[in-house]
Amino acid sequence: MKTKLVGIVLWCCVVCVTLVSCSKNDTKVEAGKPALDLPVIKSAPYISGVNYDGKQITSEAVKGKYWLASFMFTSCGDICPRLNSQISALFGEFKDYPELKFVSISVDPDNDTQEVLKKYAERYGAKPDRWYFLRMPIDTVKELSLEGFRIATLDAPLSHSKRIVLVDDKGQIRGYYDGLEREDVEKLRKVLHTILPPKQ
């Protein structure tokens, strides 16, 4: 009888330990699930360009940060204004999250001078230390859009894509989002709220 009682007690202990263990594991998986569901596509390319405030910006400025990359040019009257309006909304929403940066690269550096980019950046409420508008040699832009971020094709290496590229704090590309599609932008917004550290 005693042996049977001891067995029952031990069995109950095992069940309790198992339930507690499962509960902890479930919480851990659930808490990290959204970030884990994002694929690691490739490492983000090295970037180097002159910002609209005249400062040289390289990958060091976004090292250890989450950042959103996009391509544009100031004289664009179709995709770019709509794309940058969406990015501006995200910028405003996440203004208190210093762990998130924004990088917009001009595909028309000859015409997008520092002065032109400065006026354009002000139009969308950008801040020079959080949202960069960069100009760099045209060959570098081609390489970044074609090979670096893989948002262009050989037929149109300077196509100003409507996609927003999400890069994580380890410098890995984790997703592409259509900046003109409300549902896609909403997905990006939810991902950012999930993976970013609490706002300061």
Side-chain angles (χ1 to χ4, degrees), residues 27-72 79-106 117-136 144 148-151 160-200:
T27 302
K28 190 178 294 184
V29 171
E30 197 60 38
K33 188 180 178 186
L36 293 174
D37 281 348
L38 297 175
V40 176
I41 298 170
K42 67 183 291 290
S43 295
Y46 180 81
I47 58 170
S48 178
V50 179
N51 195 24
Y52 61 92
D53 63 351
K55 292 182 179 179
Q56 186 74 27
I57 299 297
T58 69
S59 290
E60 285 298 313
V62 291
K63 187 176 182 181
K65 308 287 186 181
Y66 292 89
W67 49 291
L68 302 179
S70 61
F71 289 76
M72 44 63 67
I79 292 176
C80 299
R82 295 160 62 197
L83 173 65
N84 285 314
S85 291
Q86 293 284 7
I87 295 175
S88 179
L90 289 172
F91 180 74
E93 182 175 345
F94 292 93
K95 64 181 183 300
D96 296 324
Y97 291 78
E99 298 302 314
L100 178 63
K101 301 242 180 180
F102 298 73
V103 179
S104 296
I105 300 171
S106 171
L117 284 175
K118 183 177 181 181
K119 290 180 179 178
Y120 193 80
E122 290 173 351
R123 172 180 167 187
Y124 290 101
K127 302 297 181 185
D129 60 333
R130 290 285 309 283
W131 185 357
Y132 310 119
F133 280 85
L134 304 180
R135 60 191 302 266
M136 55 190 70
L144 285 177
F149 290 102
R150 295 180 182 171
I151 61 171
H160 52 299
S161 173
K162 59 183 180 177
R163 288 189 289 177
I164 302 171
V165 185
L166 171 62
V167 182
D168 69 14
D169 57 346
K170 295 180 177 59
Q172 300 170 317
I173 295 177
R174 303 301 294 268
Y176 297 94
Y177 300 85
D178 189 326
L180 305 188
E181 290 291 334
R182 185 178 299 177
E183 289 184 5
D184 241 27
V185 175
E186 185 58 30
K187 286 180 185 177
L188 174 57
R189 179 178 285 109
K190 289 179 179 178
V191 166
L192 291 175
H193 274 296
T194 300
I195 64 178
L196 287 172
K199 64 181 180 181
Q200 296 182 357

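Worth knowing before you read on, the calculation uses all heavy atoms, side chains too, and leaves out hydrogens, waters and symmetry mates. Sequential numbering from 1 along the given sequence is applied to the chain's residues.
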With rounding to the nearest 0.5 Å, note down the distance linking CD1 in I57 to CE in M136.
10.0 Å
Without swapping roles, check the side chain of N51 against the backbone of P128 for a donor-acceptor pair under 3.5 Å.
yes
Please lay out, stage by stage, how K101 and Y66 fare under the test side chain to side chain donor-acceptor pair (under 3.5 Å).
CA-CA 6 Å; K101 301 242 180 180; Y66 292 89; over 6 Å; no
Are the side chains of Y46 and E60 in touch, meaning some heavy atoms are under 4.5 Å apart?
no
Kindly determine whether Y177 and K187 satisfy side-chain contact (heavy atoms from CB on, under 4.5 Å), including the steps that lead there.
CA-CA 8 Å; Y177 300 85; K187 286 180 185 177; 4.2 Å; yes
From OG1 (T58) to CG (L134), nearest 0.5 Å:
10.0 Å
Kindly give the heavy-atom pair with the smallest separation between E99 and P197, and that separation in Å.
CG-CG, 3.7 Å
Backbone N/O of S43 and side chain of K170: donor-acceptor pair under 3.5 Å:
no
Hey, does the side chain of K42 reach the backbone of G148 with a donor-acceptor pair shorter than 3.5 angstrom?
yes
Separation between CH2 (W67) and CG (L166), nearest 0.5 Å, reads 10.0 Å
Would you say S104 and W131 make side-chain contact, with heavy atoms under 4.5 Å?
yes
So, taking the atom named NZ in K127 and the one named CZ in F91, what distance separates them when rounded to the nearest 0.5 Å?
7.0 Å
May I have the step-by-step check of side-chain contact (heavy atoms from CB on, under 4.5 Å) for S85 and Y124, ending in yes or no?
CA-CA 7 Å; S85 291; Y124 290 101; 3.8 Å; yes
Nearest heavy-atom pair of D184 and Y176: which atoms, and what distance?
OD2-O, 4.3 Å
Does a side chain donor of either N84 or Y120 reach within less than 3.5 Å of an acceptor in the other side chain?
yes
Nearest heavy-atom neighbours spanning I151 and R163:
CA-NH2, 3.1 Å
Evaluate the side-chain contact (heavy atoms from CB on, under 4.5 Å) criterion for residues V40 and R174: first the C-alpha distance (whole Å), next the side-chain angles of each, then the deciding distance (0.1 Å), finally the verdict.
CA-CA 5 Å; V40 176; R174 303 301 294 268; 3.7 Å; yes
Non-hydrogen side-chain atoms of M72 and P81 separated by less than 4.5 Å:
no
Flag the pair R189 and E186 as a salt bridge only when some basic side-chain nitrogen lies within less than 4.0 angstrom of an acidic carboxylate oxygen.
yes
For V103 and F133, what are the C-alpha separation, side-chain angles and deciding distance, and is it a side-chain contact (heavy atoms from CB on, under 4.5 Å)?
CA-CA 6 Å; V103 179; F133 280 85; over 6 Å; no
Residue among L90, I87, D178 satisfying side-chain contact (heavy atoms from CB on, under 4.5 Å) with L188:
L90
Euclidean distance, I164 CD1 relative to E181 CD, rounded to 0.5 Å
11.5 Å
Looking at every non-hydrogen atom in both residues, tell me the closest pair between L68 and L100 and how far apart they are.
CG-CD1, 4.3 Å
Shortest non-hydrogen separation from I47 to S59 and the atoms involved
N-OG, 2.9 Å
Shortest non-hydrogen contact between S70 and L83, atoms and distance:
CB-CD2, 4.3 Å
Output for pair (K65 NZ, D168 CG), nearest 0.5 Å, gives 14.0 Å
Side chain proximity check, P45 to F149, heavy atoms < 4.5 angstrom:
yes
Does any non-hydrogen side-chain atom of V165 lie less than 4.5 Å from one of I173?
yes
